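Written below as structure tokens is the structure these notes are about.
A quick note: this is a predicted structure, and the numbers were derived from the prediction, not measured.
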Amino acid sequence: MKFYFFYKRVGDVDHLSPVIYGLIENGIKPNDIYYYDLWPDKTQRNLNIDPRIKFLRSLKINII
């Protein structure tokens, strides 16, 4: 089963990161989790340097 998450603002990262981490802790493979940018928003500037995004990338989550 694949899991798809969509984020629009930085606040969505706050809410979805613990859910994604919980899936990994329960045995879901990181390759089955996809995290998509729904559409650009001004709050997403510098999102690539956000520690939560860096952490999810270190877990091999597909962030698109």
Checklist entry - What's the spacing between Leu56 CG and Ile63 CD1 if we round to 0.5 Å? => result 5.0 Å

Item to check | Distance, nearest 0.5 Å, that separates CE of Met1 from NZ of Lys29 | outcome: 14.0 Å

Item to check | Lys42 atom NZ: more than 12 heavy-atom contacts under 6.0 Å | outcome: no

Checklist entry - When hydrophobic residues are tied together by side-chain contacts of less than 4.5 Å, even through go-betweens, does Trp39 share a cluster with Tyr34? => result yes

Item to check | Check: Asp32 main-chain N/O paired with Asn62 side-chain donor or acceptor under 3.5 Å | outcome: no

All N/O donor-acceptor pairs, side-chain side in residues 3-13, below 3.5 Å, sequence neighbours left out:
unit_1: Asp12; atom_1: OD2; unit_2: Lys8; atom_2: N; d: 2.8
unit_1: Asp12; atom_1: OD2; unit_2: Arg9; atom_2: N; d: 3.1

Checklist entry - Among the clusters formed by ILVMFWY side chains lying less than 4.5 Å apart, do Ile61 and Phe55 turn up in the same one? => result yes

Next on the checklist: Just to verify, what does Asp50 make a side-chain hydrogen bond (donor to acceptor under 3.5 Å, both in side chains) with, not counting sequence neighbours?
Outcome noted: Arg52

Checklist entry - Would you say Leu16 and Leu38 are hydrophobically clustered, going by side-chain heavy atoms of ILVMFWY under 4.5 Å? => result no

Next on the checklist: Just to verify, what does Tyr36 make a side-chain hydrogen bond (donor to acceptor under 3.5 Å, both in side chains) with, not counting sequence neighbours?
Outcome noted: none

Checklist entry - How many angstroms lie between CG in Asp37 and CG in Leu47, if you round to the nearest 0.5 Å? => result 8.0 Å

